[in-house]
Amino acid sequence: MKELLRGLISDALAMASEQGALELSEIPVVEVEVPRDSSHGDLSSNVAMTLARVVGKPPRAIAKIIVDCISDEGGDLAEKEIAGPGFLNFTFSNEAWRRRLLSIIEVGETYGSSGLGKGRRVQIEFVSANPTGPLHIGHGRGAATGDALARLLETAGYEVDREYYVNDAGVQITNLGRSVYARYLELHGREVQFPPDGYPGDYVIDIARRIVAEEGAAWLDREEEEAVAHMGETGGRAMLERIKEDLAAFSIRFDGFTSEKALRESGAVAEAIADLRSRGVMYEADGAEWFRSTEFGDDKDRTVVKSDGELTYFASDICYHRAKLARGYDRIVDVWGADHHGYIKRIKACLAALDCDPHAFSVVLVQIVSLTRDGRPVRMGKRSGEFVSLREIIDEVGPDLARFFFLMRKSDAQLEFDLELARRQTAENPVFYIQYAHTRIAGIFRQASERGIPEPEISAVCVSRLGNADELSLIRLLDEFPDLVEASARALEPHRVVFYAQRLAGEFHRFYARNKCVSDDRELTAARLLLVKAVKQVIGRALSMVGVSAPERM
RNA sequence: GCGCCAGUAGCUCAGUUGGAUAGAGCAUCGGCCUUCUAAGCCGGUGGUCGCAGGUUCGAGUCCUGCCUGGCGCGCCA
């Protein structure tokens, strides 16, 4: 409807300009929005106010001219008024809303999809947790966010690849190896000092047990270094498998896993560094090699090759992001824990040095989840070995609830997740509130079919009985859906979809409480069935966009 | 010290990228089942939008300075 109104206003401006009522060198972009207060009509525009300075007339006078020039041949408008400092408030005719509903139903399953992305390819990298331990609740939020972003961008017309970057090289894997080795020795009755940087979790013992079961005591006689390397590798592989299982339990799939180790061993990292050298953005100092990232907006230059010849973590990152570019993505989105925000500048710098358009790269930061149980904080952190795994959350509250809670706040705001509350409070749970709306509509259709009422055909005649306030509110909200999807995609903010779903469910429950869908009035029944069918479809779509199921029965 | 994020109702949070009288859920108080699922609906209570300036027709939103909280500032990963 926004588009429709923008057209009417633009035409009016053109006419006013032609008639000399307004002196316009060009027709400006007309902004139209849903007013907060419904007494201000269905849509309002501030053009008259923004034009005031350009045309040199008071806003209300301009508004008057525009209103007089609007030619509403289709009968779409019921009211047009000038209000306050110069707002133009419009109310559409019921007929216009009914036409809108029909067009929504005709679009069908794909309603809400858009061509915003124009089929461009975007890669979303998320989770990317080190394979040194199971996923914890923070990773869960990243997973829910990344996956929802992927779904959102797909809906907005992008072609999306989901990728997990595996940090399976370097110190942390060695530490895992040392930890497993220590447990391995313990299992063979040896007294050992557990490594100070080791991972104390029980899962490390599980890995050691597995190695004992499969390989016996063979490693007792080998060199420690060799054993540690082996156990790091085995452990990392085992952890990655477990991570994949946890993700599967969360219904999250990836199109690809890129291994840091593989990047290093293939020589790709060396190649990336050579590339930067050839671009003249590397230099040597203090025996190390640096990337001149300050030239691209970073706060300080960054070490790429240490003075002992070892590569830094950043070196792999340069390579990985360079590889993303080489794969031809039009956009790159990285979902990171907020504690990594300090890395944004250096990655941007590296991409800029590689001639990548800075707008093509975005980082979505996911803030800490503070987990509480019975109102008391649950401590987290792999170091302490005392953390709540994603798996425990899923087992406790289920994937739908977990996903929904992770997405209930914008991702860069801290989130409090109380497990007991999530479980206990099921009666007033927002997830169920939305799902219940979907279920109720399914119930309406069950009722209709029991009474032998046929699926209504889509026609103008059919919806002609719609027009009360509850019905119109629903159509208005349905109308907003495509804009909502686009805005969420543009802002990379999936939580907006959650809030929309809550609003729509609320509007439906109100409608449901006051209006009977299936009645003896066959025309009205058919009309309302069409309406709620559209509502069901959109609620279902919104839920699926955040990865939450939409049940037919509860 | 520098940088990033946040500060909105008792609590948890939205706020359509600068719009009109700042919203929702929870909590609390009071109503509503002869009706397609009451996991629901309707109403009441509740606010110095951290503080102070500035920008303009108009600021929760933008700019500056301060206050508070979280995080980050390695030849760690």
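Naming: A, B, ... by sequence-line order, numbering from 1 per chain.
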Residue pairs fulfilling salt bridge (Lys or Arg N to Asp or Glu O under 4.0 Å) with at least one residue in residues 132-141 of chain A, sequence neighbours excluded: none

Check: protein-nucleotides 33-35 of chain B nitrogen or oxygen pairs below 3.5 Å:
unit_1, atom_1, unit_2, atom_2, d
B/U35, O2', A/Lys516, NZ, 2.2

Any N/O donor-acceptor pair, A/Thr439 side-chain to B/A39 base, under 3.5 Å: no

Reported CD1-to-CG distance for the pair A/Ile453 and A/Leu529, which is rounded to 0.5 angstrom: 6.5 Å

Closest nucleotide among B/A38, B/C4, B/A39 to the A/Arg440 side chain: B/A38

Sugar-phosphate, base or nothing in reach of A/Asn89, heavy atoms under 4.0 Å: base

Residues forming a salt bridge (Lys or Arg N to Asp or Glu O under 4.0 Å) with A/Asp483, sequence neighbours excluded: A/Lys2

Anti or syn - B/C33, cut at 90° from 0: syn

Donor-acceptor contact present, side-chain A/Asn130 to main-chain A/Thr132, <3.5 Å: no

Nucleic acid footprint by protein, nucleotides 9-18 of chain B - heavy-atom cut-off 4.0 Å, B for base, S for sugar-phosphate alone: ---SSSSBB-

Of the listed nucleotides B/A39, B/A20, B/C75, the one nearest the side chain of A/Phe87: B/A20

Please produce a list of atom pairs where a protein N or O lies less than 3.5 Å from an N or O of nucleotides 56-58 of chain B.
unit_1, atom_1, unit_2, atom_2, d
B/U56, O3', A/Arg53, NH2, 3.3
B/C57, OP1, A/Arg53, NH2, 3.1

Nucleotide nearest A/Trp290 when distance is taken to its side chain, options B/C75, B/G3, B/A20: B/C75

Centroid distance under 5.5 Å and plane angle under 30°, A/His340 vs B/G72: no

Closest to the A/Arg510 side chain, choosing from B/C42, B/G74, B/A20: B/C42

Chi class for B/U21: syn within 90° of 0, otherwise anti: anti

Under 3.5 Å donor-acceptor pair, A/Asp37 side-chain atoms to B/A22 base atoms: no

Presence of donor-acceptor pair under 3.5 Å, side chain of A/Thr312 and base of B/C75: no

Watson-Crick or G-U pairs under 3.5 Å in RNA chain B, rendered as dot-bracket with [ ] for crossing pairs and | for another strand: (((((((..((((.....[...)))).(((((.......))))).....(((((..]....))))))))))))....

